[in-house]
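Atoms within each ligand, like the ligands themselves, are counted from 1 in listed order. Predicted, not measured: the structure shown is a model, and the values here were computed from it.
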Amino acid sequence: MKPKASIQGLAVYQPGKPLEEVKRELGLDEVIKLASNENPFGCSSEVWPALAEEKDHFHLYPEGTAPELREKLAEHLEADPRRIILGNGSDEIVQMIARAYLEPGAESVMADLTFPRYETAIRIEGGIPVKVPLKDGTHDLEAMAQAVTAKTRIVWVCNPNNPTGTIVSHGALSQFLDQLPEHVLVVVDEAYYEYVTDPSYPDSLSLLDYNPQIIILRTFSKIYGLAAFRVGYGIGHPDVINELNRVREPFNVNRLAQQAALAALKDQTFVTYCCNQNRLGIKKITNKLDEWGLHYFPAHGNFILFDTGFPANEAFDYLLRQGIIVRSGQALGFPTYIRVSVGTEEQNSRFLEAYALFLKEKGKIHANA
Ligand SMILES: Cc1ncc(COP(=O)(O)O)c(C=O)c1O
């Protein structure tokens, strides 16, 4: 048996350590997970009753194109439903885009470092990732535009960028799009869109009106708190959506997931609450990081990437023993950094207390600080 050459050497995705696994391994009852940018407040209370209503339909396939969800999303976004495609998480839309637009040998421009699934999707199709270093943790759009050649098919802009949390502005993105040749599809991944409060953040839907070559990705996994259900969506020109539908799995978003997303979408009060709590959490954590003199990138999503000043796994292991799972920058290309997701007020306090103990043990702050 011989698997295809393009997948040789591909690393298997390493997710944040699961809660259950850490509890088992360390024999801890209480563990908090601040590793995968999930919503610490769960999801809207509207979701559970909506799921119960589906109980008599488990034997029926879902509607493949999720028409009701697309319709409601279209209303919410004030967009044409023909511009929307649903995916089994936005992860699946990343895959569909690469599958539909990359021939073997085609180039695809992305930041170095950014969300790793782009590279995996590119490589599976035999495409060539062209990586452009971040500038101060932010996409260097000028250098990315220069990296585009006649062979480029897709450019990825992760905004806010995972793992740095930085954003590119409306003006910068718009100017970037103006520079690109027509044969390039630009993916603007806005998985953390609802968390961003900075006024310079792009109104990407308005850019779509003038730029048929962009597709915007969003998800129900983050602020809507439905990561378990796997629902993401893309918003793009109907022609692009048509191409993606050719490679879409027939029943890619399951029945329960569609109902959960519909119910969650209705509850915008929950979304606003989570956004506000997240800003408070970021303030609380970054105030402490400032006090400790630790560098961090401007955090526009629901996570903060900060420099521990030590090999990241030291802080990671220390926090794990305290029952706190964060993401070590070792695996993310930032070997001295930790990425911590913003939790509830109590979780943030526990994280900061545990981190203060780590700094004390390292002699970086006073024992009675
Ligand atoms: C930037 C970015 N894009 C996409 C995803 C995937 O999200 P989903 O759960 O919708 O597949 C994530 C998840 O962490 C992410 O950080």
(message) Tell me the protein heavy atom at minimum distance from atom 12 (C) of ligand 1, and give that distance in Å.
(response) Phe115 CZ, 3.4 Å

(request) May I ask you to check whether Phe297 and Tyr337 place their ring centers less than 6.0 Å from one another? (result) yes

(request) Just let me know how Ser90 lines up against ligand 1, side chain, backbone, both or neither, with a heavy-atom cut-off below 4.0 Å. (result) both

(request) Select the closest option to atom 2 (C) of ligand 1 among Asn302, Thr219, Asn37, Asp189, judged by heavy-atom distance. (result) Asp189

(request) Report the part of Tyr192 in contact with ligand 1, treating N, CA, C, O as backbone and CB onward as side chain, heavy atoms under 4.0 Å; options are side chain, backbone, both, neither. (result) side chain

(message) We want to know whether Asn159 and Tyr192 form a side-chain donor-acceptor pair, criterion being a heavy-atom distance below 3.5 angstrom.
(response) no

(request) Examine the side chains of Asn88 and Glu249 and answer whether a donor and an acceptor come within less than 3.5 Å of each other. (result) no

(message) Any side-chain to backbone donor/acceptor pair from Thr114 onto Met110? Under 3.5 Å, distance only.
(response) no

(request) Pull out every atom of ligand 1 sitting under 4.0 Å from any heavy atom of Ser221, numbered as shown with elements. (result) 8 (P), 9 (O), 10 (O)

(message) Nearest 0.5 angstrom please: Glu361 CD to Glu314 CD, how far?
(response) 9.5 Å

(message) Heavy-atom distances under 4.0 Å decide this one: backbone, side chain, both or neither, for Glu92 against ligand 1?
(response) neither

(message) For Arg339 and Asn162: C-alpha separation, side-chain torsions, deciding distance, then whether side chain to side chain donor-acceptor pair (under 3.5 Å) applies.
(response) CA-CA 10 Å; Arg339 193 193 69 193; Asn162 183 2; 2.8 Å; yes

(request) Would you mind telling me if ligand 1 is within reach of the side chain of Asn162, the backbone, both or neither, using heavy atoms under 4.0 Å? (result) side chain

(message) Distance under 4.0 Å to a non-hydrogen atom of Lys222: what atoms of ligand 1 satisfy this?
(response) 13 (C), 14 (O)

(message) Below 3.5 Å, N or O to N or O, backbone or side chain included: is there any such pair between Arg230 and ligand 1?
(response) yes

(message) Applying the ring-ring contact (aromatic ring centres under 6.0 Å, His included) criterion to Tyr355, which one of Phe316, Phe306, Phe310 satisfies it?
(response) Phe306

(request) Report yes or no: is the cationic atom of Arg218 (NZ for Lys, CZ for Arg) under 6.0 Å from the centre of the six-membered ring of Tyr193, at an angle within 45° of the ring normal? (result) yes

(message) Below 4.0 Å, non-hydrogen atoms only: which portion of Arg117 touches ligand 1? Side chain, backbone, both or neither.
(response) neither

(request) Any atoms of ligand 1 less than 4.0 Å from a non-hydrogen atom of Cys158? List them with their elements. (result) 1 (C)

